[in-house]
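Lettering follows sequence order; numbering is per chain, from 1.
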Amino acid sequence: MTDLASLSLERVAAGLRCGEFSSLEVTRAALARADRAQQRSNCFLVIEHEPALAAAAAADAARAAGRALGPLHGVPLAHKDMFARAGKVVRYGSRVRADHAPAARAVVLERLAQAGALDIGALAMAEFALGATGHNAAFGDCRNAHDPAFIAGGSSSGSGAAVALGAVYASIGSDTGGSVRIPAAANGCVGLKPTYGLLPRTGSMPLTPSIDVLGPIARSVRDLAIVLQIVAGHDDDDRQSSRRTPPDYLAATTRGVRGLRIGIPRTEFFAADSRAVGDALLHARRVFEDAGAVCGEIELPPVAPLAELSRAIVYSEATGLHAPWLREHAERYTPQVRVRASTGLAIPAPIYFEALQLRAPLLQQFVTSVFARCDVLLTPLLPIEVPRRDETDVGGGARMWELLAKLVRCTAPFNFLGLPALAVPVGQDGNGLPIAAQLVGRPFAEDRLLQAAAVQEAAWPARVPVAP
Amino acid sequence: MVRAPDSNVAPLSAAAVMELARITGVPVDDAAMAARIAAGAANAVAAVREGLTIVATNGVVPFDHDTDHLAALERLADDAP
């Protein structure tokens, strides 16, 4: 019998459409998998069995009556616990917001619901998305899908682990410094940080409105393209959402890369700190060349300050947003996150303003100098192998701080710039943990990234889902 | 040409952070917590000054550019060859 939870989103949606199986069967399989995944990785904050089964039965009834909603009709999903869910409690991964239950539904979740998707629970996340490892002292750490001794990555830790463990077919997270790409990479999934403004954030937890983006995590490039197509596009209630019409993302996955110019940064900044990571990136380059892409090394403008520039904005805006809760409920924060949420206190307002002012000239310099010479930039996603949980936990000393800095080294610069960046698996380290490449494009060139990622995926087929 | 500031930035003192906490009403428990906050911010502050140096070296005036980052991204997307 087919293991329904192991199918791709595209395959399960097609099977539901043609009546090969019912949403009730698919959702039961997903819930059984979610229960096992929860034991292994603590990737859910809540699994909603009865509501999910009722929604699946309703989806089957609607289909039988000829009222199928859309391309994801009856497909069970779950998302980072930072989206308004129509009256359900949304915790933001924190004890501070234990009674927050907004009546509306976040626009991206509403678009998925309009496409027929079901929502089977809420996924773990770093407290207030302020963490890149998956540690959460309030609700327990989310652990890596492949080996619980290793980090799941964060802050969308539950999204990465639950998708990798086959509990859901895809998930939406958020990315302010790498929070979609890092857990996607650590768990062997595909994850996209879209261009700033491509996805509307209405109804989602703000961390840094000047930088925040939402993004999908999936088990394949095509699954990711399907979800992206549904959630991308303007919303009037998010003034920072673009009015550009998204292209056909699924079609992009079949284009191949013949003639595509792949840029390899000629800078120590993007050098791998691990032989396994370096070898995997070299292999990824060969895959592109064998597929007809033109690979060449290129000089980059200075990228080293970009991650810290991003932090100047993140800390300033985060402290501004958290100030009311810090004044009222400081004791409900876990100590490390409280410090992170308060760090904006020590960033003078002129410095924050100058960081914002620097974005446009540094973006223009980067885009005009880099993307005149290549279409897609290829970098490591993590310059290191996926670290263990104990070596990145509080109290890890200098080694911990070094690892935390390396986790976001290759990702955060593109949050500052606002460029699209995608994590795609390209190898495996000596511990059996995934290695990912990062593909970066010019603004709103997500289709190019999907085009290139599909070629990498063909050469390194998904090692997910893994059995919980 | 914009004159870039010196990019060496020492962290704020714990006492300064405590004073800012008092002014804003955001509680900071003790000098140890204040010192951690100051250390976390110091690199970010230094990076801003380094960023100013980079654009100054290129003769770019930040204030001549879009303050709306989405608009800047859309303009650069439309400039694609």
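The distance from the CD1 atom of Ile54(B) to the CG atom of Leu362(A) is 6.0 Å, given to the nearest 0.5 Å. Expressed to the nearest 0.5 Å, how far CZ of Phe444(A) lies from CG of Leu73(B) amounts to 6.0 Å. Atoms CD and CG, from Glu50(B) and Leu309(A) in turn, are 8.0 Å apart once rounded to the nearest 0.5 Å. Interatomic distance, Leu345(A) CG to Glu19(B) CD, rounded to the nearest 0.5 Å: 12.0 Å.
In terms of heavy-atom pairs under 4.5 angstrom with chain B, the leader among Gly344(A), Ser342(A), Ser210(A) is Ser342(A). Interface check for chain A: of the options Val28(B), Asp29(B), Val17(B), the most heavy-atom pairs under 4.5 Å are formed by Asp29(B). Of the residues considered (Leu326(A), Leu363(A), Leu306(A)), Leu363(A) shows the highest number of contacts with chain B, using heavy-atom pairs under 4.5 Å. Of the listed residues Pro302(A), Ser242(A), Gly197(A), the one with more heavy-atom pairs under 4.5 angstrom with chain B than any other is Ser242(A).
With a 4.5 angstrom heavy-atom cutoff, Glu331(A) does not touch chain B via any of its atoms. When heavy atoms are compared at a cutoff of 4.5 Å, Pro348(A) approaches chain B solely by way of its side chain, counted from C-beta outward. For Tyr196(A), the parts lying under 4.5 angstrom from a heavy atom of chain B are both the backbone and the side chain. Contact of Gln365(A) with chain B is made through the side chain alone, with heavy-atom distances under 4.5 Å. The contact between Phe416(A) and chain B is made entirely by backbone atoms, counting heavy-atom distances below 4.5 Å. Only the backbone of Leu417(A) has a heavy atom closer than 4.5 Å to any heavy atom of chain B. Both the backbone and the side chain of Leu70(B) come within contact range of chain A, with heavy atoms under 4.5 Å apart. Both the backbone and the side chain of Val339(A) come within less than 4.5 Å of a heavy atom in chain B. Residue Ser241(A) touches chain B through its backbone alone, counting heavy-atom pairs closer than 4.5 Å. Within the 4.5 angstrom heavy-atom criterion, only backbone atoms of Arg243(A) (N, CA, C, O) approach chain B. Contact of Thr195(A) with chain B is made through the side chain alone, with heavy-atom distances under 4.5 Å.
When all heavy atoms of Arg49(B) and Ile351(A) are compared, the pair lying nearest together is CG-CD1, 4.5 Å. Closest of all the heavy-atom pairs between Arg327(A) and Gly25(B) is CG-O, 3.1 Å. Summarising the geometry of Gly40(B) relative to Thr343(A), their closest heavy-atom pair is C-CG2, 3.8 Å, with the distance given to 0.1 Å. Closest non-hydrogen pair, Leu76(B) versus Pro443(A), comes out as CB-CG, 4.1 Å. Taking each heavy atom of Arg75(B) and Gln364(A) in turn, the nearest pair found is NH2-OE1, 3.4 Å. Residues Glu308(A) and Ala44(B) come closest through the heavy atom pair OE1-N, 3.3 Å.
Between Gln336(A) and Arg36(B) there is a side-chain heavy-atom pair separated by less than 4.5 Å. Between Pro27(B) and Arg338(A) there is a side-chain heavy-atom pair separated by less than 4.5 Å. Between His322(A) and Val26(B), the closest side-chain pair of non-hydrogen atoms is not below 4.5 Å. By the 4.5 Å heavy-atom criterion applied to side chains, Asn43(B) and Arg311(A) are not counted as neighbours.
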When you look at Ile37(B) and Arg340(A), which way does the side chain to side chain contact (heavy atoms under 4.5 Å, CB included) test go after all the steps? CA-CA 7 Å; Ile37(B) 288 170; Arg340(A) 289 176 187 161; over 6 Å; no
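The environment of CZ in Arg239(A) is sparse: at most 12 heavy-atom neighbours from other residues, nucleotides or ligands sit within 6.0 Å.
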